[in-house]
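Source: prediction; values computed, not measured. Just so it is clear, the values below take in all heavy atoms, side chains as well, and ignore hydrogens, waters and symmetry mates.
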Amino acid sequence: MLTKKQSELLRFINERLKEDGVPPSFDEMKEALDLRSKSGIHRLIMALEERGFIRRLPNRARALEVLRLPESATPSQGARGGRFSPSVIEGDLGRVRQTQTVPLPGDDSGSVSIPVMGRIAAGTPISAIQSRSHTIGMPADMLGQGDHFALEVRGDSMIEAGILDQDVVIIRKQDTAETGDIVVALIDDEEATLKRLRKRGASLALEAANPAYETRIFGPDRIRIQGRLVTLIRKY
């Protein structure tokens, strides 16, 4: 299954190939998908290639071949030079609200229903957060104030912070964070990842907790904080 951004790029490349006989340039792709950098396009192309939707032809500049389209693919509207909305958090976290559930026997504090909003990368960033899939119950006294959502972790870049692949992290929705906080960070309005935030002068660093991964540094205009880690759930 493709993410929304991957699907949009695939359709755009396919339509340009049919219209002009050549694929669009990275700059054209960046403009069409309204991304801030060509690195986001590079990641999307790699993902499409890994999933067998496109092939890069060797020894030819800008040479892409569309191998197949998703079964549900439909022609995009305004793809040529058009704008697409970011495929980031569908379902709108701005409207996420916790709902009180019936307290468990012997539980004076009750429990809170937390929406699980999809998967988040703790490794190479992926176009991660999809739509609300289900809810989980959490003791209210473990959460504190604010609105919360949950994400399923994929990857191993935060293992030294005690966050493992397939853990479920509970995130307090907020758009600010302090240096040292573990946050859900949105890169270029397109890729989401779970990392420790470090402020370095005017720049922001996303720091892994695994020496196999490099710290990535961005200008503040390229990063949006989506929330801060509160706790996690692990199944054995």
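Ile217 and Ile187 are assigned to two separate hydrophobic clusters, defined by single-linkage of ILVMFWY side chains at heavy-atom distances under 4.5 Å. Side-chain heavy atoms closer than 4.5 Å link hydrophobic residues (I, L, V, M, F, W, Y) into clusters, and following such links, possibly through other members, connects Met29 to Leu69. At a threshold of 4.5 Å between side-chain heavy atoms, the hydrophobic network of Ile, Leu, Val, Met, Phe, Trp and Tyr places Val230 and Ile114 in two separate groups.
Counting heavy atoms from C-beta on, the side chains of Ile45 and Phe26 come closer than 4.5 Å. At least one side-chain heavy atom of Leu33 sits under 4.5 Å from a side-chain heavy atom of Leu9. By the 4.5 Å heavy-atom criterion applied to side chains, Ile13 and Val66 are counted as neighbours. Contact of the Thr176 side chain with the Ile225 side chain is not registered, since no non-hydrogen atoms from C-beta on lie closer than 4.5 Å. Side-chain atoms of Val184 and Leu151, non-hydrogen and from C-beta on, do get closer than 4.5 Å to each other. For the pair Ile54 and Glu65, the minimum side-chain heavy-atom distance is 4.5 Å or more. The closest side-chain heavy-atom distance from Arg228 to Ile171 is not below 4.5 Å. Within the 4.5 Å cutoff, side-chain heavy atoms of Lys5 are placed close to those of Leu35.
Here Arg16 pairs with Glu28 in a salt bridge; the nearest charged N to carboxylate O distance falls below 4.0 Å. Checked for salt-bridge contact, Arg198 and Glu207 meet the test: a charged N lies under 4.0 Å from a carboxylate O. Using a 4.0 Å cut-off between charged side-chain N and carboxylate O, Arg222 and Asp188 make a salt bridge.
Remark: the backbone N or O of Leu164 is paired with a side-chain donor or acceptor of Asp167 at under 3.5 angstrom. Judged purely by atom type and a 3.5 angstrom limit, Asn210 has no side-chain atom pairing as donor or acceptor with the backbone of Ile159. Side chain of Thr215 to main chain of Leu206: no donor-acceptor pair is present (N/O by atom type, distance under 3.5 Å, no hydrogens or angles).
The line from CD1 of Ile170 to CG of Leu229 is 9.0 Å long, rounded to the nearest 0.5 Å.
Here the closest heavy-atom approach between residue His148 and residue Gln145 is recorded as CE1-O, 3.5 Å. Heavy-atom minimum distance, Lys195 versus Ser157: NZ-OG, 3.0 Å.
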TODO: Test Lys199 against Leu197 for side-chain contact (heavy atoms from CB on, under 4.5 Å), laying out the working first.
DONE: CA-CA 7 Å; Lys199 298 180 180 180; Leu197 179 72; 4.3 Å; yes
- [ ] Show your working on side-chain contact (heavy atoms from CB on, under 4.5 Å) between Thr231 and Arg172 and close with a plain yes or no.
- [x] CA-CA 9 Å; Thr231 188; Arg172 177 178 295 121; over 6 Å; no
TODO: Carefully, step by step, assess Glu152 and Arg154 under the rule salt bridge (Lys or Arg N to Asp or Glu O under 4.0 Å).
DONE: CA-CA 7 Å; Glu152 299 172 357; Arg154 291 294 180 269; 3.8 Å; yes
